Engineer: 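Have a look at the structure that comes next, please.
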Amino acid sequence: MLKNLINAFKNKEIRNKILITLALLFVYRLGCWLPIPGISGNYLIDEGDTLMSLLSQIGGNALQNGAFLALGITPYINASIIVQLLTVAIPALERWSRQGEEGRKKISIVTKVVTLLLAIAQSVGIAISWYQGGGISDAIFSSADNRIWISVFVAAMLVAGSMVTMWLGDRITELGVGNGISLIIFVGIVSTAGLAIATAIEQIIGGGEAGTLAFWGLLIFLVLVVLIFLFIVFIDLSERRIVVNYAKQVKGRKQYGGQSSNIPIKINANGVLPIIFSTAILTFPQMIARMFTTDYTKGFYAWWTKWLGTGSIAYFVLLGVLIMAFSFFYTTIQFKPDEIARNLQQYGGSIQGIRPGRPTAEYLNKVSKRLTFFGALFLMIIAIVPSVLFQALQTAGVISNMNLINAFTATGLLIVVSVALELDKQLEGLLMMKRTRGFLK
């Protein structure tokens, strides 16, 4: 990847794309630190709510800072998942998905409308939560009526920030390198991790017994993170290649076909989507309860946090079940063995030992289900085992920095690896395109 990056900077056109991408990402990070007037900073910084920490992580602590881009890209992610699920149920969306570029534009508009609705709902919920918990500042306006209007202003700013984040992602995709939405998520997670490491280094520099403990805790933690990274990369690049042979066809004096190719099926073809959607479902009741709760130590919110909140045994069990279910669901949506079998038969292709037509579709379906099972098992391991391990190390006192544990979640690591590999492939494709143009000249 480093070699591709160096070669990319040598090409003027690709270098300009990279610089535009970096500039737009800088604007995004600036918005993550620009505070919204009317929010009490001490309340947000001192708050130890696990739900807010989970929502803040993907945005680089923007929510914790009460920043303009606090919502980040979360509403767009949820909207994309919802629209993708509705594509199966609504005939119009399914028809648009098959219309190429024109259909994708229509689906994109629907996704943005759903994003706006979700951003409004989420912003209102967060504003109500801050209002009830004392997060809305009353230093200037002490009356309740004024605090209500300040809450409305804060909600409006959160909605505007979410739409600006979506716009920045679109501009990066159009003018820069890589997928803008993915890069925004990538930068948010990496920046959160960077701040956590900086905090640990400050503790080490402080010296004393606490500094020594922080040093060994950081060292052990980074070794575990590197091992998890290697495991993720190994599985992410793994695939099953099904060899396809094409029959020879003689037309006139020319012979066509007679070659072999393969159908690559990745073990983790669904990426991080099953984890994201499963986490969103499990945290949704807690988010709704938070809107109508003033005392977080009592009632439904406290019960859900204790028994089904992040880190509980029931949470991990339900998370594993949902990840398995959504992995098979997404595979059913994305992988169409009947269409592949029909196309192979049309162009004279066949899998060795398998008859064309229906037997080929059944064979592909069987292989896909097996790979999906192992892919879902991998996602379950990544989502559960590292979190349990890090919590055990924290309980044992080996790792005392909770910021590290909150920053390096399994979902975050998987997203970082996936986006980095995707960016490397796009840079390699741009470089190959430039070399091909030069050869043609």
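Predicted model, so just to flag it, every value in this text is computed and none were measured. These values consider heavy atoms only, across backbone and side chains, with no hydrogens, waters or symmetry-generated copies. Quick note: residue numbers are just sequence positions, from 1.
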Engineer: Could you check whether Phe373 and Phe328 have their ring centres less than 6.0 Å apart?
Structural biologist: no
Engineer: Any donor-acceptor pair under 3.5 Å linking the side chain of Thr87 with the backbone of Leu93?
Structural biologist: no
Engineer: Nearest 0.5 Å, what's the CG-CD1 distance between Leu423 and Ile18?
Structural biologist: 8.0 Å
Engineer: Shortest non-hydrogen contact from Ser123 to Leu158?
Structural biologist: OG-CB, 3.4 Å
Engineer: When you measure from the side chain of Ser108 to the backbone of Arg104, do you find a donor-acceptor pair of N or O atoms at a distance under 3.5 Å?
Structural biologist: no
Engineer: Could you measure the distance from the CD1 atom of Ile267 to the OG1 atom of Thr372? Nearest 0.5 Å is fine.
Structural biologist: 10.5 Å
Engineer: Could you go step by step and tell me if Arg15 and Glu13 meet the salt bridge (Lys or Arg N to Asp or Glu O under 4.0 Å) rule?
Structural biologist: CA-CA 5 Å; Arg15 182 172 65 248; Glu13 185 176 343; over 6 Å; no
Engineer: Please identify which of these residues, Val190, Val419, Ile73, meets the side chain to side chain contact (heavy atoms under 4.5 Å, CB included) condition with Ile185.
Structural biologist: Ile73
Engineer: Give a yes or no on whether the backbone of Ser350 and the side-chain of Thr360 come within a donor-acceptor separation of less than 3.5 Å.
Structural biologist: no
Engineer: Distance from Lys112 atom NZ to Tyr76 atom OH, nearest 0.5 Å?
Structural biologist: 7.0 Å
Engineer: Quick one: CG on Asn11 to CG on Asn16, what's the gap to the nearest 0.5 Å?
Structural biologist: 9.0 Å
Engineer: Please walk me through it: do Ile323 and Ile384 pass side-chain contact (heavy atoms from CB on, under 4.5 Å)?
Structural biologist: CA-CA 11 Å; Ile323 287 174; Ile384 297 174; 5.7 Å; no
Engineer: To the closest 0.5 Å, what do you measure between CD1 (Ile181) and CZ (Phe186)?
Structural biologist: 15.5 Å
Engineer: Check whether Asp236 reaches the backbone of Ile232 with its side chain - one donor and one acceptor, N or O, closer than 3.5 Å.
Structural biologist: no
Engineer: Do any N or O atoms from the side chain of Asn270 and from the backbone of Ser327 form a donor-acceptor pair under 3.5 angstrom?
Structural biologist: yes
Engineer: Classify the angle between the aromatic ring planes of Tyr330 and Phe326 as parallel (below 30°), tilted (30 to 60°) or perpendicular (above 60°).
Structural biologist: tilted
Engineer: Should Val243 and Gln352 be marked as a side-chain contact (heavy atoms from CB on, under 4.5 Å) after you check the CA-CA gap, both sets of side-chain angles, and the distance that decides it?
Structural biologist: CA-CA 7 Å; Val243 179; Gln352 186 174 3; 5.9 Å; no
Engineer: Tell me whether Thr115 contacts the main-chain N or O of Thr111 through its side chain, where contact means a donor paired with an acceptor under 3.5 Å.
Structural biologist: yes
Engineer: Just do the salt bridge (Lys or Arg N to Asp or Glu O under 4.0 Å) check on Glu362 and Arg358 with the steps written out, would you?
Structural biologist: CA-CA 6 Å; Glu362 293 176 352; Arg358 188 64 185 173; 3.7 Å; yes
Engineer: Are Phe378 and Phe231 close enough, and set up right, to give a side-chain contact (heavy atoms from CB on, under 4.5 Å), and what steps lead you there?
Structural biologist: CA-CA 10 Å; Phe378 159 73; Phe231 178 56; 3.6 Å; yes
Engineer: Ignoring hydrogens and angles, tell me if any N or O in the side chain of Thr173 forms a donor-acceptor pair with the backbone of Gly180 under 3.5 Å.
Structural biologist: yes
Engineer: Might you point out which heavy atoms bring Val114 and Ala79 nearest each other, and give the distance in Å?
Structural biologist: CG1-CB, 3.7 Å
Engineer: For Glu174 and Arg171: C-alpha separation, side-chain torsions, deciding distance, then whether salt bridge (Lys or Arg N to Asp or Glu O under 4.0 Å) applies.
Structural biologist: CA-CA 5 Å; Glu174 180 182 351; Arg171 298 289 75 74; 2.7 Å; yes
Engineer: For Ile172 and Tyr28, run side-chain contact (heavy atoms from CB on, under 4.5 Å): C-alpha distance rounded to whole Å, both residues' side-chain angles, the deciding distance at 0.1 Å, then the answer.
Structural biologist: CA-CA 11 Å; Ile172 292 174; Tyr28 165 71; over 6 Å; no
Engineer: Distance check, rounded to the nearest 0.5 Å: Phe374 atom CZ versus Ser238 atom OG?
Structural biologist: 12.0 Å
Engineer: What heavy-atom pair brings Gly31 and Ala67 nearest, and what distance separates the two atoms?
Structural biologist: O-CB, 3.4 Å
Engineer: Looking only at atom types and distance, does a side-chain atom of Ser191 sit under 3.5 Å from a main-chain N or O of Gly188, one as donor and one as acceptor?
Structural biologist: yes
Engineer: If I compare all heavy atoms of Ile382 with all of Ile228, which pair ends up nearest, and what's the gap?
Structural biologist: CD1-CG2, 4.2 Å
Engineer: Using atom types as modelled and distance alone, determine if a side-chain donor or acceptor of Gln345 lies under 3.5 Å from a backbone N or O of Pro356.
Structural biologist: no
